[in-house]
Each structure stands twice: as structure tokens, then as C-alpha cells.
**Q** 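I have a structure I would like to understand better, so I am pasting it below and will then ask my questions one at a time.
On a predicted model such as this, the values are computed, not experimentally measured, just so you know.
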Amino acid sequence: MNFTLLVTVIVTGITLVAAAYIIAKLIGPRSYAKVKGEPYESGIPTRGSSWIPIHVGYYLFAILFLMFDVETVFLYPWAVVVKQFGAAALLSIGFFLLVLVFGLAYAWRKGALEWK
């Protein structure tokens with residue numbers, strides 16, 4: 001029974017994604033202009049090379065933000081079921097938050113949060 005439901009959900013998901021892709025390809029506008037190949041299609045001609053070095057601090061800061069942002073999303077399901085599980089839920093979320101705090105302390109100590 002559960003396997004049938006799982007297969008149905010997966011097949012439905014694949015079918016909907018494939019249908020959306022095919023419909024977009026069929027009715028979507030097409031442009032084969034030279035500007036289409038530019039890195040930024042703003043209408044302004046680019047000057048110089050598009051391959052410029054970006055400071056790694058931007059990437060590190062963005063990854064840290066996403067990591068802590070996604071981790072806080074996991075707190076919502078826990079808050080919904082905390083009454084059902086009692087002390088075990090409290091202990092597990094305490095451990096989860098402890099790992100997050102250690103991760104933040106590590107990033108802070110390594111200087112990942114300093115904007116240079």
C-alpha cells in the first residue's frame with residue numbers, strides 16, 4: 001500500500017515537471033541574437049573580460065548565511081510536535097542548537113564573519 005503511494009507521487013512529480021518543461025519549450029519565446037550569448041543580457045555592451053576574480057569572503061558569507069537559515073527552518077517541525085515527544089524532543093533540539101552554536105563559534109573564531 002505505502003509503496004504504491006510512493007510510486008504514484010514520484011511518477012506524478014516527474015510527469016508534472018516534464019509537462020511544464022515541454023510546454024515552456026513549445027510556447028516560450030526564442031531569441032538567437034548575439035547579445036543572448038553575453039554574460040548579462042542588459043543591453044549594455046560589456047567592457048573587458050567577464051571573468052574577474054571575486055573575493056572568496058562573499059561566497060563564504062553567503063554559504064554561512066544559507067547554512068544557518070536552512071537550519072532554522074528545521075525548528076518549525078520540531079515546534080509542532082514538541083508536546084507529543086516531551087523531554088526527548090527537548091533534548092534533541094538542545095543538541096541540535098548546541099551543534100549550531102559550536103558551528104557559529106568556529107566560524108567566528110576563524111574570522112569568517114569579519115568583512116575585510
**Q** Name every donor-acceptor pair, under 3.5 Å, that has one atom in a side chain of residues 72-89 and the other anywhere in the protein, sequence neighbours excluded.
**A**
{"from": "T72", "atom 1": "OG1", "to": "F68", "atom 2": "O", "distance (Å)": "3.4"}
{"from": "T72", "atom 1": "OG1", "to": "D69", "atom 2": "O", "distance (Å)": "2.7"}
{"from": "W78", "atom 1": "NE1", "to": "A89", "atom 2": "O", "distance (Å)": "2.9"}

**Q** Please table the atom pairs, donor to acceptor, closer than 3.5 Å between any side-chain atom in residues 94-110 and protein atoms at least two apart or in another chain.
**A**
none

**Q** So how far is it from Y59 OH to L64 CG, rounded to the nearest 0.5 Å?
**A** 15.0 Å
**Q** Measure the spacing between CD1 of I22 and CD1 of I27 and express it to the nearest 0.5 Å.
**A** 12.5 Å
**Q** Applying side-chain contact (heavy atoms from CB on, under 4.5 Å), can you list everything that pairs with V7, at least two apart in sequence or on another chain?
**A**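 V7 satisfies side-chain contact (heavy atoms from CB on, under 4.5 Å) with F3, V11 once adjacent residues are dropped.
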